[in-house]
Amino acid sequence: MDRAIGRTRWRIFALVFVAGLAGVGVMFGGLSQGALAASFSVSGMTYKASGDKLVGEGVVQYGSVDQGGSGAHPVLVNGFRQARIDNFCQSFVVPGLPVVGDISVRIAAPAMSAEDLVIGIEQVTGDLTLSNVEIGRDAGTFDKGPNGQTGQPGTFGIQSDGARIDNLRQTAWSTTASTLRLDQVRISADTGRNECY
């Protein structure tokens, strides 16, 4: 009798989990068609992303805040008119699910490319090179980044023609893009904590 109850719970869990993965697919589909707004309430969880190399054109950086039900989160906004990441990985952890505990969801692709990519970053590390950079520019006067992507007038900003980050490791709250493409994408879910880095 206990065994039958356990099987029933696993079936329900599987249905709910598959629906969740489908939601991730819908989210990426919406981003690729520019269907999601650039401003939204963020979840109470960060995610991690990594790549061997990021190359971007039309780059802006400035401080801002991502708002959500869990409160306000200070972020470094990184905007790219165009960007490509080699050996892309993104992961997030859903903690404390009944029966199984923590679950890690990983999205991996040999290459990710995007247009009008805007990321709300908590922390980023790597080897950074900026070309034709302007440091200390008024963030309200950007003219190189994604269309209309500016910061608060009078605040500190950085913009450059291009950027390269080797050994990219970042923790972020949000990502938007007018177009986002993942070549040979693989989405997986595993019990425990199995993040990109």
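- The side chain to side chain contact (heavy atoms under 4.5 Å, CB included) test applied to Gln152 returns Thr155, not counting sequence neighbours.
- Contact between Ser104 and Gly192 at its shortest, heavy atoms only, is OG-O, 2.6 Å.
- In this structure, the side chains of Asn132 and Gln159 stay at 4.5 Å or more apart for every pair of heavy atoms.
- When every heavy atom of Gly68 is checked against every heavy atom of Ser41, the shortest pair comes out as CA-OG, 3.3 Å.
- Sorted by first then second residue, the disulfide bond (SG atoms under 2.5 Å apart) pairs that include residues 100-182, not counting sequence neighbours, number zero.
- Counting only residues at least two apart or on different chains, the salt bridge (charged side-chain N to carboxylate O under 4.0 Å, His left out) pairs with a member in residues 92-111 are Asp102-Arg193.
- Evaluation of the side chain to side chain contact (heavy atoms under 4.5 Å, CB included) rule for Ser70 yields His73 as partners, not counting sequence neighbours.
- Considering only heavy atoms from C-beta on, Val77 comes within 4.5 Å of Val75 through its side chain.
- Sorted by first then second residue, the disulfide bond (SG atoms under 2.5 Å apart) pairs that include residues 101-154, not counting sequence neighbours, number zero.
- Evaluation of the salt bridge (charged side-chain N to carboxylate O under 4.0 Å, His left out) rule for Arg169 yields no partner, not counting sequence neighbours.
- With sequence neighbours left out, the salt bridge (charged side-chain N to carboxylate O under 4.0 Å, His left out) criterion links Arg186 to no other residue.
- Contacts classified as disulfide bond (SG atoms under 2.5 Å apart) and involving residues 149-197 (residues at least two apart or in different chains) are given here: Cys89-Cys196.
- With sequence neighbours excluded, no residue forms a salt bridge (charged side-chain N to carboxylate O under 4.0 Å, His left out) with Arg81.
- Relative to the six-membered ring of Tyr197, Lys48 meets both conditions, a distance below 6.0 Å and an angle of at most 45° to the axis.
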Residues 50-66, side-chain donor-acceptor partners within the protein, below 3.5 Å, at least two apart:
{"from": "Asp52", "atom 1": "OD1", "to": "Asn87", "atom 2": "ND2", "distance (Å)": "3.3"}
{"from": "Asp52", "atom 1": "OD2", "to": "Asn87", "atom 2": "ND2", "distance (Å)": "3.3"}
{"from": "Gln61", "atom 1": "NE2", "to": "Asn78", "atom 2": "OD1", "distance (Å)": "3.2"}
{"from": "Tyr62", "atom 1": "OH", "to": "Gln149", "atom 2": "NE2", "distance (Å)": "2.5"}
{"from": "Tyr62", "atom 1": "OH", "to": "Thr150", "atom 2": "O", "distance (Å)": "3.3"}
{"from": "Asp66", "atom 1": "OD2", "to": "Ser174", "atom 2": "OG", "distance (Å)": "2.7"}

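- A disulfide bond (SG atoms under 2.5 Å apart) check over residues 149-179, counting only residues at least two apart or in different chains, returns nothing.
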Distance-only donor-acceptor hits, side chain of residues 113-130, under 3.5 Å, sequence neighbours excluded:
{"from": "Asp116", "atom 1": "OD2", "to": "Ser178", "atom 2": "OG", "distance (Å)": "2.9"}
{"from": "Glu122", "atom 1": "OE2", "to": "Trp173", "atom 2": "NE1", "distance (Å)": "3.3"}

